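First up is the structure itself, then whatever we jot down about it.
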Amino acid sequence: MEFSKSLIQWYLQNKRDLPWRKTIAPYQIWLSEIMLQQTRVAQGTPYFLKFIEAFPTVNDMAAAPEEQVLKLWQGLGYYSRARNLHATAKQVAFEMGGEFPDSYQGLLQLKGVGDYTAAAIASIAYGEPVPVVDGNVYRVLARYFGIETDISSSGAKKQFTEVAATLLPKGRASEFNQAMMEFGALQCVPKNPDCSICIFNAECAAFLTGRVNQLPVKLKKTKVTNRFFNYLIIKDAAGHTVVNKRTAKGIWHNLYEFPLIETEGEVSEEKMSEIIMRYFNEPTRPSGTPPEEGKATHAERAVGFTPKRITLLHPERILHKLSHQHLSIRFWEVEAGVALDKAISRGEAMKYPFPIVIYNFMERYWALNANDLFSANLD
DNA sequence: AACTCGGGGGC
DNA sequence: GCCCCAGAGTT
């Protein structure tokens, strides 16, 4: 039996019951595909359900503020997806009458929709015969055909797209594409797949030549940089605190955080206390002077008081590992002794979108009193 | 073409 | 620890 026929047969017998498979509405397909970019189904599913409940239609999402979208996205990572999601929702709702583009080429014009996502939506929602190429497809094709092209090289996507296109049965693009991905996710898994029960074990080039664990070839390795963050949880006379929006380019764009002091390396607790004290006592930037590149502005820093007490809130540094940055984070409580205009209540602060590592700390720190902190397990 | 962008799970 | 996950945008 030909490849696509066997694959689709396998798919119909093994596919998971996933919420976005109950519809072919482009809005829901689009939402699921954006969420699942570089994201496991198990991690994305609860977010999909939350979003559909909060925004039943693209018009509902378009009417919401970006901050609400980011808050719902909190913890899912790659936040540019959420920003582009919202921008596209507004574009579709306000410039396209609430209707998504009806073709691969049209979908490709939307923010956050690249080759893969445009092909996924076009094939699943409209039945357009365009092949998807994601991590699963690279793996399945590289193994089945014994393709040794480095999948991180520039020409790989074109090559694998052409191979997938020759296999794609016209009229069954939706099933074929989803079957390729489901097969990669459930059977042809990255590590130690159980080839003994694989429907292709009599014809898979990688299996027949003992190269299953060598394919696909991926050479590029991401280099990791270490960063050292000190977050200052200000506590003013009213028990309120200060949060800032990250507006600079880089990680966590448009999310919120506490006033941040980043250092070049690890700094002792004593030395850091001095740096924090100096931070609040630095003279105000003269009006009219532009803020130094990468430095917080005067308003963002809520200076104008001398800390009454500075306390390290957790003896162990919190290591937060991103794919390309390892963050070593310390949280400090800085008691202001006076009331600050810029400060907000803890309950109000929790409503903003935060990086999950900060949000998790807030939840734990504010659920305990200070005396419990050092005995609490905050890992 | 190389970099950047999160967070979690599997082994 | 390392790798991968229904990738896309920027430089």
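Throughout, protein chains are lettered first and strands after them, A, B, ... in sequence-line order, and every chain is numbered starting at 1. Values in this document were obtained by computation on a predicted structure and should not be read as measured data.
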So, is [X] near the phosphate of [N], with a side-chain N or O under 4.0 Å from OP1 or OP2?
| X | N | value |
| --- | --- | --- |
| A:H324 | B:dC5 | yes |
| A:Q325 | B:dC5 | yes |
| A:W252 | B:dG7 | yes |

What contact category does [X] fall into here, base, sugar-phosphate, or nothing, at under 4.0 angstrom with non-hydrogen atoms?
| X | result |
| --- | --- |
| A:V113 | sugar-phosphate |
| A:R83 | nothing |
| A:T117 | sugar-phosphate |
| A:S323 | base |
| A:H320 | sugar-phosphate |
| A:G44 | nothing |
| A:D115 | sugar-phosphate |
| A:W20 | base |
| A:L76 | base |
| A:G184 | nothing |

| task | Represent DNA chain B in dot-bracket notation, 5' to 3'. Only Watson-Crick or G-U wobble pairs with both distances under 3.5 Å count; pseudoknot-style crossings use [ ] and interstrand partners use |. | result | |||||.|||||
| query | Between A:Y11 and A:F183, does the ring centroid distance fall short of 6.0 Å? | reply | no
| field | Close side-chain approach of A:Y79 to A:W252, heavy-atom, < 4.5 Å | value | yes
| Residue pair A:R246 / A:L260, side-chain heavy-atom distance below 4.5 Å | yes
When rounded to the nearest 0.5 angstrom, what is the spacing between [atom1] in [X] and [atom2] in [Y]?
| X | Y | atom1 | atom2 | answer |
| --- | --- | --- | --- | --- |
| A:K235 | A:L340 | NZ | CG | 13.5 Å |
| A:I34 | A:L76 | CD1 | CG | 11.5 Å |
| A:L312 | A:M272 | CG | CE | 10.0 Å |

Could you tell me if [Y] and [X] have a donor-acceptor pair between their side chains, going purely by distance under 3.5 Å?
| X | Y | result |
| --- | --- | --- |
| A:T23 | A:Q28 | no |
| A:Q74 | A:K71 | yes |
| A:Q37 | A:Y116 | no |

Could you pull out all donor-acceptor pairs under 3.5 Å where a side-chain atom in residues 94-107 of chain A meets a protein atom, sequence neighbours excluded?
| unit_1 | atom_1 | unit_2 | atom_2 | d |
| --- | --- | --- | --- | --- |
| A:S103 | OG | A:G106 | N | 3.0 |
| A:Y104 | OH | A:D115 | OD1 | 3.3 |

| field | A:T263 side-chain N/O to A:G265 backbone N/O, donor-acceptor pair under 3.5 Å | value | yes
Atom [atom1] of [X] to atom [atom2] of [N]: distance rounded to whole Å?
| X | N | atom1 | atom2 | value |
| --- | --- | --- | --- | --- |
| A:I318 | B:dG7 | CD1 | C1' | 15 Å |
| A:L219 | B:dC3 | CG | P | 14 Å |
| A:I251 | B:dC5 | CD1 | P | 7 Å |
| A:M35 | B:dC5 | CE | P | 22 Å |
| A:I329 | B:dG7 | CD1 | C1' | 13 Å |
| A:Q43 | B:dG8 | CD | C1' | 5 Å |
| A:H326 | B:dG6 | NE2 | P | 14 Å |
| A:Q74 | B:dG8 | CD | C1' | 15 Å |

[atom1] atom, [N] versus [M]: distance in rounded Å?
| N | M | atom1 | result |
| --- | --- | --- | --- |
| C:dC5 | B:dC5 | C1' | 14 Å |
| C:dA6 | B:dC11 | P | 14 Å |
| B:dG8 | C:dA8 | P | 22 Å |
| C:dC4 | B:dG6 | C1' | 13 Å |

| task | Could you pick out which residue, A:P216 or A:K157, lies toward the 5' side of DNA chain C when each is mapped onto its nearest nucleotide? | result | A:P216
| request: Map A:K249 and A:S32 onto DNA chain C by nearest heavy atom, then report which one ends up closer to the 5' terminus. | output: A:S32
| query | Could one point to a donor on the side chain of A:T39 or the base of B:dG8 with an acceptor on the other under 3.5 Å away? | reply | no
| note | Result for 5'-nearest mapping on DNA chain B, choosing between A:K220 and A:R81, is A:K220
| If each of A:S154 and A:G75 is mapped to the nucleotide of DNA chain B with the nearest heavy atom, which maps nearer the 5' terminus, i.e. the 5' end? | A:S154
| Earliest and latest nucleotide of DNA chain C, 5' to 3', sitting under 4.0 Å from a non-hydrogen atom of chain A? | C:dG1 to C:dT11
| task | Please state whether the rings of A:F331 and A:F258 are parallel, tilted or perpendicular, taking 30° and 60° as the class boundaries. | result | perpendicular
